[in-house]
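Input: one structure, supplied below.
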Amino acid sequence: MSKAIIIHELGGPEVMTLEDRAVPRPGPGQILVEQKAAGLNFIDVYFRTGVYKAELPLVLGKEGAGVVAGIGEGVTRFAVGDRVAYNGAVGAYAEHVVIAADAAAKLPDAVSFETAAASMLKGMTAEYLLRRTYKVGPGTVLLFHAAAGGVGLIAGQWAKHLGATVIGTAGSPEKCALALRHGYDHVIDYTREDFVARVSEITDGRKCDVVYDSVGRDTFPKSLDCLRRQGLWASFGQSSGTIPPFDLAILNQKGSLFATRPSLFGYTATRPEFEESSNALFDMIASGAVTIPIGQSYPLAEAATAHRDLESRKTTGATILTI
Ligand SMILES: NC(=O)c1ccc[n+]([C@@H]2O[C@H](COP(=O)([O-])OP(=O)(O)OC[C@H]3O[C@@H](n4cnc5c(N)ncnc54)[C@H](OP(=O)(O)O)[C@@H]3O)[C@@H](O)[C@H]2O)c1
């Protein structure tokens, strides 16, 4: 048997139950992974609460790492015993998962299971946001909300490595201090300060080339006021709630702005894209340019507590479930 965190109905963390199920079997093109660690992501909250839709019952979780324990028909990419990590449409809060072989990467020796479980989704998100949604480089001035979060601490270091001026926001003085140690040049406590005024002050009125906004309702539409003319608003999440429908004319009024709503799965849908992104992440980790701060870890059985802490803004950096 194999343990997994399953939801049978939508709701609060209390709908998450630890259950025994048969060890799943890999079908054609799939591998069975005996898990060592799983990553926690805000997207898991969206699926638990119904912001994003999925069929129930559902094993939560979209990021993890472990050892290949079984191979489906036609899989040549992996062998039993390989160390692998993945992200995507799987139930990662479990002792075993079956995933498409094409959705997994072989783990370099330099990357531990815990680091991989903390970064395959969050770090590859930082990769596409900073290298492809907008090509960040020397001279880029950017604002990244929730800078002390899982994606935020990775993105700060990566953006600094690319040569940008990196401005962040975070929800407490302690979180601001943490973000400043992870690549950010300036961090604004947006629970106490007007972040639009502070961005204008920090940039001498020039404002930002790109704003990465995963907070959603609470930072919209103020994020638009942090952009220079023709700047890019990348709305990639909604931790505070979904943004209301808006009139596109606002983009004209605020300076001929661009807007995009990207997702990791839209940037890594093909195997070459997935490999390019995961290899870039592993290179950043191996070179030491990016560390993956794991702020907290919980046993699999305590996944509901981990959700409560993530939703109440208690966590910093990445959160993992140990298995
Ligand atoms: N589109 C994509 O491809 C993609 C991929 C990965 C993640 N994401 C999004 O990126 C965001 C970050 O994900 P993560 O897993 O790394 O989470 P996280 O940043 O570790 O946690 C969310 C953070 O959002 C901030 N926040 C602001 N208002 C909040 C509220 N009302 N309730 C809860 N949190 C609030 C909190 O930081 P402060 O206290 O500092 O404000 C909190 O720590 C999420 O919105 C997620 O959906 C999108």
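Note that ligands are numbered from 1 as they come in the structure, with each ligand's atoms numbered from 1 the same way. Basis for what follows: all heavy atoms, side chains included, without hydrogens, waters or symmetry-related copies.
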Item to check | Distance filter under 4.0 Å to Tyr46 heavy atoms, resulting ligand 1 atoms | outcome: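 Once the distances to Tyr46 are compared, the set is 44 (C), 45 (O), 46 (C), 47 (O).
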
Checklist entry - Relative to the heavy atoms of Leu264, which atoms of ligand 1 are at a distance of less than 4.0 Å? => result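 Reading through ligand 1 atom by atom, the close ones are 2 (C), 3 (O).
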
Checklist entry - By number and element, which atoms of ligand 1 are closer than 4.0 Å to a non-hydrogen atom of Arg261? => result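 Those atoms are 1 (N).
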
Checklist entry - By number and element, which atoms of ligand 1 are closer than 4.0 Å to a non-hydrogen atom of Leu121? => result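 Reading through ligand 1 atom by atom, the close ones are 5 (C), 6 (C).
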
Next on the checklist: Taking 4.0 angstrom as the limit and counting only heavy atoms of Gly237, give me the atoms of ligand 1 inside it, by number and element.
Outcome noted: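 The atoms of ligand 1 under 4.0 Å from a heavy atom of Gly237 are 45 (O).
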
Next on the checklist: Is it the case that ligand 1 has an N or O less than 3.5 angstrom from some N or O of Ile43?
Outcome noted: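 No; the residue has no nitrogen or oxygen that sits under 3.5 Å from a nitrogen or oxygen of the ligand.
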
Checklist entry - What distance do Lys106 atom NZ and Asp109 atom CG have between them, rounded to the nearest 0.5 Å? => result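 Reported to 0.5 Å precision, the distance equals 11.0 Å.
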
Next on the checklist: Quick check on contacts: which atoms of ligand 1 are under 4.0 angstrom from a heavy atom of Ser263?
Outcome noted: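 Counting from 1, the qualifying ligand atoms are 1 (N), 2 (C), 3 (O).
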
Checklist entry - Taking atom NE2 of His161 and atom CG of Leu130, what is their separation to the nearest 0.5 Å? => result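 It comes to 11.0 Å.
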
Item to check | Nearest neighbour of atom 24 (O) of ligand 1 from the list Gly150, Ser312, Ser239, on a heavy-atom basis | outcome: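 The residue whose heavy atom sits nearest atom 24 (O) of ligand 1 is Ser239.
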
Checklist entry - Heavy-atom distance to atom 37 (O) of ligand 1: which of Met124, Lys62, Lys175 wins? => result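 When every heavy atom of Met124, Lys62, Lys175 is considered, Lys175 comes closest to atom 37 (O) of ligand 1.
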
Item to check | Element-labelled atoms of ligand 1 that are located less than 4.0 Å from some non-hydrogen atom of Glu311 | outcome: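 Those qualifying, in numeric order: 32 (N), 33 (C).
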
Next on the checklist: Any salt bridge linking Glu14 with Arg48? Criterion: basic side-chain nitrogen under 4.0 Å from a carboxylate oxygen.
Outcome noted: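 Looking at Arg48 together with Glu14, the answer is no, because their closest N to O distance does not fall below 4.0 Å.
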
Checklist entry - Do the numbers put Lys62 on top of the ring of Phe47, so that NZ or CZ is under 6.0 Å from the six-membered ring centre and no more than 45° off the axis? => result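 Lys62 over Phe47 ring: yes.
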
Checklist entry - Which of the atoms of ligand 1 are close to Ala170, meaning less than 4.0 Å from one of its heavy atoms? => result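 Result: 40 (O).
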
Checklist entry - Taking atom 9 (C) of ligand 1 as the point of reference, which of Tyr212, Phe265, Phe42, Phe236 owns the nearest heavy atom? => result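 Looking at heavy atoms only, the winner is Phe236.
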
Item to check | Pairing of Arg132 and Glu127 as salt bridge, 4.0 angstrom limit | outcome: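 Salt bridge: yes.
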
Checklist entry - So is Tyr190 in contact with ligand 1, going by heavy-atom distances below 4.0 Å? => result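 Heavy atoms of Tyr190 do come under 4.0 Å of ligand 1.
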
Next on the checklist: I'd like to know if Glu275 pairs up with Arg77 as an ion pair, taking the criterion as any Lys NZ or Arg NE/NH1/NH2 lying under 4.0 Å from an Asp or Glu carboxylate oxygen.
Outcome noted: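 Answer for the salt bridge query: yes.
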
Checklist entry - Where is the nearest protein heavy atom to atom 23 (C) of ligand 1: which residue, which atom, and how far? => result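 Going by distance alone, atom 23 (C) of ligand 1 is nearest to Ala146 CB, 4.0 Å.
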
Next on the checklist: Ser214 vs His145, test: side-chain hydrogen bond (donor to acceptor under 3.5 Å, both in side chains). Steps then yes/no.
Outcome noted: CA-CA 7 Å; Ser214 67; His145 286 305; over 6 Å; no

Next on the checklist: Quick check on Pro262 - does any of its heavy atoms sit under 4.0 Å from an atom of ligand 1?
Outcome noted: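 Heavy atoms of Pro262 do come under 4.0 Å of ligand 1.
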
Checklist entry - Just one of Phe236, Tyr128, Phe274 clears the ring-ring contact (aromatic ring centres under 6.0 Å, His included) bar with Tyr267, so which one? => result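 Of Phe236, Tyr128, Phe274, ring-ring contact (aromatic ring centres under 6.0 Å, His included) with Tyr267 is met by Tyr128 alone.
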
Next on the checklist: If the threshold is 4.0 Å, N to carboxylate O, is there a salt bridge linking Asp185 and Lys160?
Outcome noted: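 Here Asp185 pairs with Lys160 in a salt bridge, since their nearest N and O are under 4.0 Å apart.
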
Next on the checklist: Can you confirm whether the side chains of His307 and Glu302 place a donor and an acceptor under 3.5 Å from each other?
Outcome noted: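 No, Glu302 and His307 have no side-chain donor paired with an acceptor closer than 3.5 Å.
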
